[in-house]
Novice: 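Take a look at this one; I'll ask things after.
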Protein chains: 2
Amino acid sequence: MTKKLAKSAISQKRVLDAAARIFRDFGYAGTTMRAIADEADLKAGSIYYHYKSKDELISAVLDIGIHAVIDTVQNALKALPEDASGRQRIETAIHAHLSAIIDIGDYTLATRRVFGQVPEAIRAKNMRLRNSYGSMWQDILVEAQKRGEFRADANITLARLFILGALNWTVEWFKPGGRTIDDVAREFSSVVVDGLLDKQAGEISGSAQPPSGPRVRAI
Amino acid sequence: MTKKLAKSAISQKRVLDAAARIFRDFGYAGTTMRAIADEADLKAGSIYYHYKSKDELISAVLDIGIHAVIDTVQNALKALPEDASGRQRIETAIHAHLSAIIDIGDYTLATRRVFGQVPEAIRAKNMRLRNSYGSMWQDILVEAQKRGEFRADANITLARLFILGALNWTVEWFKPGGRTIDDVAREFSSVVVDGLLDKQAGEISGSAQPPSGPRVRAI
DNA sequence: ACCAAAACCTAACACTAGTTAGAAAATGTC
DNA sequence: GACATTTTCTAACTAGTGTTAGGTTTTGGT
């Protein structure tokens, strides 16, 4: 166990980044080792020095994709005060999730496009990570509901599926240079939270009232 | 033009259905003509009697997928009274969309999983259909906003992207036998509409108030 | 029973896939 | 500068790809 196999992390990352881009564009079967090698300025055979098979490569890409999201969101939530409201937590989580998946967009998109086509064993392993991320969200929502911030009759599980579905879809249309992540996160939170907020309990935090702009008359 | 090339629509559909299932499971490049043939109880060469290439097959699958959704939603909307509310329209459209994509789930999933990997020309052709579907939703939302039903400060384009993203994601987790489409549609509508509804304008339609169940105290 | 059209099959083509063994280059250490 | 280690390349093998040409069977109308 005292081997000193270092294997130059930077070359490894070069191959991994290239793989993510190619997997993203051509899917699992459509991705060839030769195409990855081209993208990474290598010859096909050389990849096998870093990864021992195509499957090990896609597995690494998948894990990086979900891990980045989990870490980013977890850290953002930890930075919140203990008594943060459900709204704050959701806004924070949405913003962090969007930042993460757009930051490492190649990996996220690769994951989305390839997940259904990957060998069962690899998919199952990655699925465990995704499920643990799902429970993270479930906890936030259930907590807020228990505290009376969210409607008691809301189906939290379905709401969570709705939120994560919409979030994950973002990478398909979000293009850097257009809308900012802040804008998207704010608008998204507004749609989701103001739908979950218990109106019977009266308005709690701010940001629910339209800021300025033209007011529409009621009837 | 007076040819009588009928080409037995039922065989053609058998091949198409098989193709949808295989494309769904293995992606564009991962799908082999031999696998489709197997699934359709044919030999690979025979497929070429019905479709002249793999590309023509995937193109047909993609078009069927989006067309089914467009038709179902359009018909459901047409059946509504002229003065239907925005809430009603959204609930109807969500329900119809879900019904359609789950009904032809193989095609929808195939589309989702394969879209990014298909030759550019085919994708562009199918994209036009999808864009026209997008404007349909945009119209519903903008109309409701103009009538003062939805918050004036809501970004309709973003809201639409969220809704369609979440809807399209449904096929990934929805399993027949569990939740009903009605349940999912109702909950989704509730999350979306009660988030879009202008609270300044007061409650308009019903279904916003929690029906029965335990009421949560405010603070 | 006959026959043409429709539907399917067989066998092969040129090509590309993942992977590997072994040689060659690059790198760093003394 | 020599030498061992790390990294890359070359060239090949087998297996499987989309597609096609031409033959065989099935079908349905007369």
Side-chain angles (χ1 to χ4, degrees), chain A residues 1-62 110 113-114 117-122, chain B residues 1-23 25-62 110 114 117-122:
Chain A
M1 304 306 166
T2 37
K3 296 266 182 67
K4 41 183 167 176
L5 265 244
K7 209 170 262 196
S8 144
I10 69 138
S11 283
Q12 198 142 342
K13 177 154 169 41
R14 213 178 67 223
V15 172
L16 211 53
D17 286 351
R21 282 193 293 273
I22 303 295
F23 276 124
R24 150 169 72 82
D25 288 342
F26 300 99
Y28 175 69
T31 291
T32 72
M33 298 303 266
R34 286 163 177 86
I36 297 178
D38 252 34
E39 182 84 8
D41 265 315
L42 272 174
K43 296 296 153 142
S46 309
I47 296 182
Y48 288 83
Y49 177 75
H50 298 285
Y51 296 90
K52 64 165 161 269
S53 73
K54 186 181 177 183
D55 282 358
E56 197 177 86
L57 246 181
I58 186 63
S59 182
V61 169
L62 291 181
R113 300 230 172 115
V114 140
Q117 308 158 22
V118 128
E120 177 56 28
I122 296 175
Chain B
M1 306 303 168
T2 37
K3 295 266 182 69
K4 40 182 167 176
L5 264 244
K7 208 168 265 196
S8 141
I10 69 138
S11 284
Q12 198 142 345
K13 177 155 169 39
R14 212 177 70 222
V15 172
L16 212 53
D17 286 351
R21 282 192 294 271
I22 303 296
F23 276 124
D25 289 342
F26 301 99
Y28 176 68
T31 291
T32 71
M33 298 303 267
R34 287 162 178 88
I36 297 178
D38 252 34
E39 180 86 8
D41 265 314
L42 273 175
K43 297 295 160 168
S46 310
I47 296 181
Y48 288 83
Y49 177 74
H50 300 285
Y51 295 90
K52 64 164 161 272
S53 73
K54 186 182 177 182
D55 283 359
E56 196 175 87
L57 247 180
I58 186 62
S59 182
V61 168
L62 291 181
V114 141
Q117 309 157 21
V118 129
E120 176 56 28
I122 296 175

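The sequence lines fix the lettering, A, B, ..., with proteins before strands; numbering per chain opens at 1.
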Novice: S46(B) side chain N/O closer than 4.0 Å to the phosphate oxygens (OP1, OP2) of dA7(C)?
Specialist: no
Novice: Go through dC9(C), dG18(D), dC8(C) for me and flag the one nearest to the H50(B) side chain.
Specialist: dC8(C)
Novice: Using heavy atoms to find the nearest nucleotide of DNA chain C for R14(B) and G45(A) separately, return the residue whose nucleotide is more 5′.
Specialist: R14(B)
Novice: Output yes when a side-chain donor or acceptor of R34(B) lies under 3.5 Å from a complementary backbone atom of A44(B), and no otherwise.
Specialist: no
Novice: Tell me, which of residues 22-33 of chain A have any heavy atom that sits under 4.0 Å from an atom in DNA chain C?
Specialist: T31(A), T32(A), M33(A)
Novice: Should K54(A) be listed as having a side-chain N or O under 4.0 Å from OP1 or OP2 of dG18(C)?
Specialist: yes
Novice: I47(A) has an atom CD1; how far is it from atom P of dA17(C), in whole Å?
Specialist: 12 Å
Novice: Round to the nearest Å and state the distance from Q12(B) atom CD to dC8(C) atom P.
Specialist: 10 Å
Novice: Which one, dA7(C), dT19(C), dC9(C), comes nearest to the side chain of S53(A)?
Specialist: dT19(C)
Novice: Side chains of F26(A) and T32(A), heavy atoms from C-beta outward: is any pair under 4.5 Å?
Specialist: no
Novice: Charged N to carboxylate O below 4.0 Å: is that the case for K13(A) and D17(A)?
Specialist: yes
Novice: Under 4.0 Å: is that the gap between some side-chain N or O of Y49(A) and OP1 or OP2 of dT8(D)?
Specialist: no
Novice: Send over the distance from E56(A) CD to dT19(C) C1', rounded to a whole Å.
Specialist: 14 Å
Novice: Just how far, in rounded Å, is C1' of dA21(D) from NZ of K43(B)?
Specialist: 19 Å
Novice: Whole angstroms only, please: what is the OH-C1' distance between Y51(A) and dT19(C)?
Specialist: 18 Å
Novice: Between Y28(B) and K54(B), is there a cation-pi geometry (under 6.0 Å to ring centre, at most 45° from the normal)?
Specialist: yes
Novice: Tell me whether the OP1 or OP2 atom of dT19(C) has a side-chain N or O from Y48(A) closer than 4.0 Å.
Specialist: yes
Novice: Regarding dG16(D), can its base be found pairing with the side chain of R34(B) as donor and acceptor, where the two atoms are less than 3.5 Å apart?
Specialist: no
Novice: Using 0.5 Å steps for rounding, measure from the CE atom of M33(A) to the CG atom of L42(A).
Specialist: 11.0 Å
Novice: Please give, in whole Å, the distance from dA7(C) P to D41(B) CG?
Specialist: 17 Å
Novice: If you measure from OG1 on T31(B) to CD on E39(B), what distance do you get to the nearest 0.5 Å?
Specialist: 10.5 Å
Novice: If you check every side-chain atom of A44(A), which of dT7(D), dC9(C), dT19(C) has the closest atom?
Specialist: dT19(C)
Novice: Between D55(A), I58(A), V61(A), which is the residue that forms a side chain to side chain contact (heavy atoms under 4.5 Å, CB included) with V118(A)?
Specialist: I58(A)
